[in-house]
Amino acid sequence: MTQTDDSPANGKRTGPVADAVLALRIMVDARTEAKMVLMGLTSYVDAVAHLEAKLAEEAERQNISADFEKLAEHSLEDALRVVEFELDELMAHLMSLAVAMKAENAPVERIRPWVQSAADSYGMAFRIMVPVWRLRSLVDAALREPPPDDAEPAGEAHLGD
């Protein structure tokens, strides 16, 4: 087999291809760690350390030598971007549900459980838990009354003095 990566004296593969192989092998773990960081279940530092350990195990199996800390940080950052997007999209749909229910004059006692139920269902599908405080804030924002049409725009009330 021809090796395209630089080969150190110890016979382990290194270089961009080896790094890419390791990054692919821990992609699922990186997503899981990113979700745990976003949910506040673990710290960024602990997530990186966990991924470094996974990388070391995988590198041993694949006979690869790499900068595990750098790869772990990059993998976690990539995963965080994806997971943040998924969470933002879910929150936008939950907000739409709450606003639509309010527009149909649904009682608050009905809106909150529906939004919670939807968050639970889709959270399970995406394998992410939406924090309760975040759902409360979302529903509170959806239920706020908009300012009257004749109200002065925010930040401009003092300009007429």
Side-chain angles (χ1 to χ4, degrees), residues 16 18-59 61 66-161:
D19 289 353
V21 166
L22 288 177
L24 283 167
R25 301 292 284 185
I26 67 155
M27 201 160 70
V28 172
D29 289 312
R31 280 282 168 91
T32 301
E33 291 295 327
K35 289 174 184 180
M36 290 175 62
V37 168
L38 283 180
M39 290 186 283
L41 299 175
T42 192
S43 71
Y44 180 89
V45 172
D46 289 342
V48 168
H50 185 253
L51 289 174
E52 280 183 67
K54 287 282 192 181
L55 282 164
E57 290 171 15
E58 191 58 39
R61 279 194 289 277
D67 182 347
F68 301 141
E69 182 178 5
K70 182 178 128 189
L71 274 175
E73 287 176 358
H74 288 183
S75 294
L76 185 57
E77 287 296 326
D78 291 344
L80 278 167
R81 278 191 291 279
V82 171
V83 173
E84 285 172 338
F85 176 78
E86 287 175 345
L87 184 59
D88 287 347
E89 184 180 33
L90 175 60
M91 296 303 286
H93 286 289
L94 293 172
M95 175 65 91
S96 294
L97 173 63
V99 168
M101 290 181 75
K102 178 186 175 198
E104 290 183 355
N105 296 318
V108 174
E109 303 79 39
R110 191 167 135 225
I111 295 173
R112 288 189 190 281
W114 273 53
V115 170
Q116 179 68 58
S117 177
D120 292 345
S121 295
Y122 291 102
M124 293 274 272
F126 291 130
R127 293 193 170 108
I128 191 163
M129 175 190 74
V130 179
V132 172
W133 65 267
R134 198 159 177 190
L135 282 177
R136 282 189 193 126
S137 296
L138 178 137
V139 173
D140 290 346
L143 297 176
R144 268 190 219 113
E145 291 299 321
D149 290 336
D150 61 347
E152 293 184 40
E156 295 183 17
H158 70 284
L159 295 177
D161 295 339

D46 and M36, any side-chain heavy atoms less than 4.5 Å apart: no

salt_bridge(E73, K70) N-O dist < 4.0 Å: no

side-chain contact (heavy atoms from CB on, under 4.5 Å) evaluation trace for L87 with R134: CA-CA 11 Å; L87 184 59; R134 198 159 177 190; 3.0 Å; yes

S117 side-chain N/O to P113 backbone N/O, donor-acceptor pair under 3.5 Å: no

From CD (E69) to CG (L55), nearest 0.5 Å: 11.0 Å

Non-hydrogen atoms of A106 and I111 that approach each other most closely: O-CD1, 3.5 Å

Distance (rounded to the nearest 0.5 Å) between R144 CZ and K102 NZ: 10.0 Å

Lys/Arg-Asp/Glu bridge criterion (N-O < 4.0 Å) met for R112, D140: yes

Validation row: E77, Y44 side chains within 4.5 angstrom (heavy atoms): yes

Separation of D19 CG from L71 CG (nearest 0.5 Å): 4.5 Å

Interatomic spacing from OG in S137 to CE in M95 - rounded to 0.5 Å: 9.5 Å

Which atom of E58 lies closest to which atom of R25, heavy atoms considered: OE2-NE, 2.9 Å

Least distance between heavy atoms, A119 atom then L135 atom: CB-CD1, 3.6 Å

Identified side-chain contact (heavy atoms from CB on, under 4.5 Å) partner of E33 from the options L76, V48, V28: L76

Any donor-acceptor pair under 3.5 Å from K54 side chain to A72 backbone: no

Side chains of Y122 and V130 in contact at under 4.5 Å (non-hydrogen atoms): no

Interatomic spacing from CG in L38 to CD1 in I128 - rounded to 0.5 Å: 5.5 Å

Nearest non-hydrogen partners of A30 and S75, listed with the distance: CB-O, 3.8 Å

Separation between CD of E57 and CG of L22, rounded to the nearest 0.5 Å: 12.0 Å

Closest heavy-atom pair and its distance - V83, A34: CG2-CB, 4.0 Å

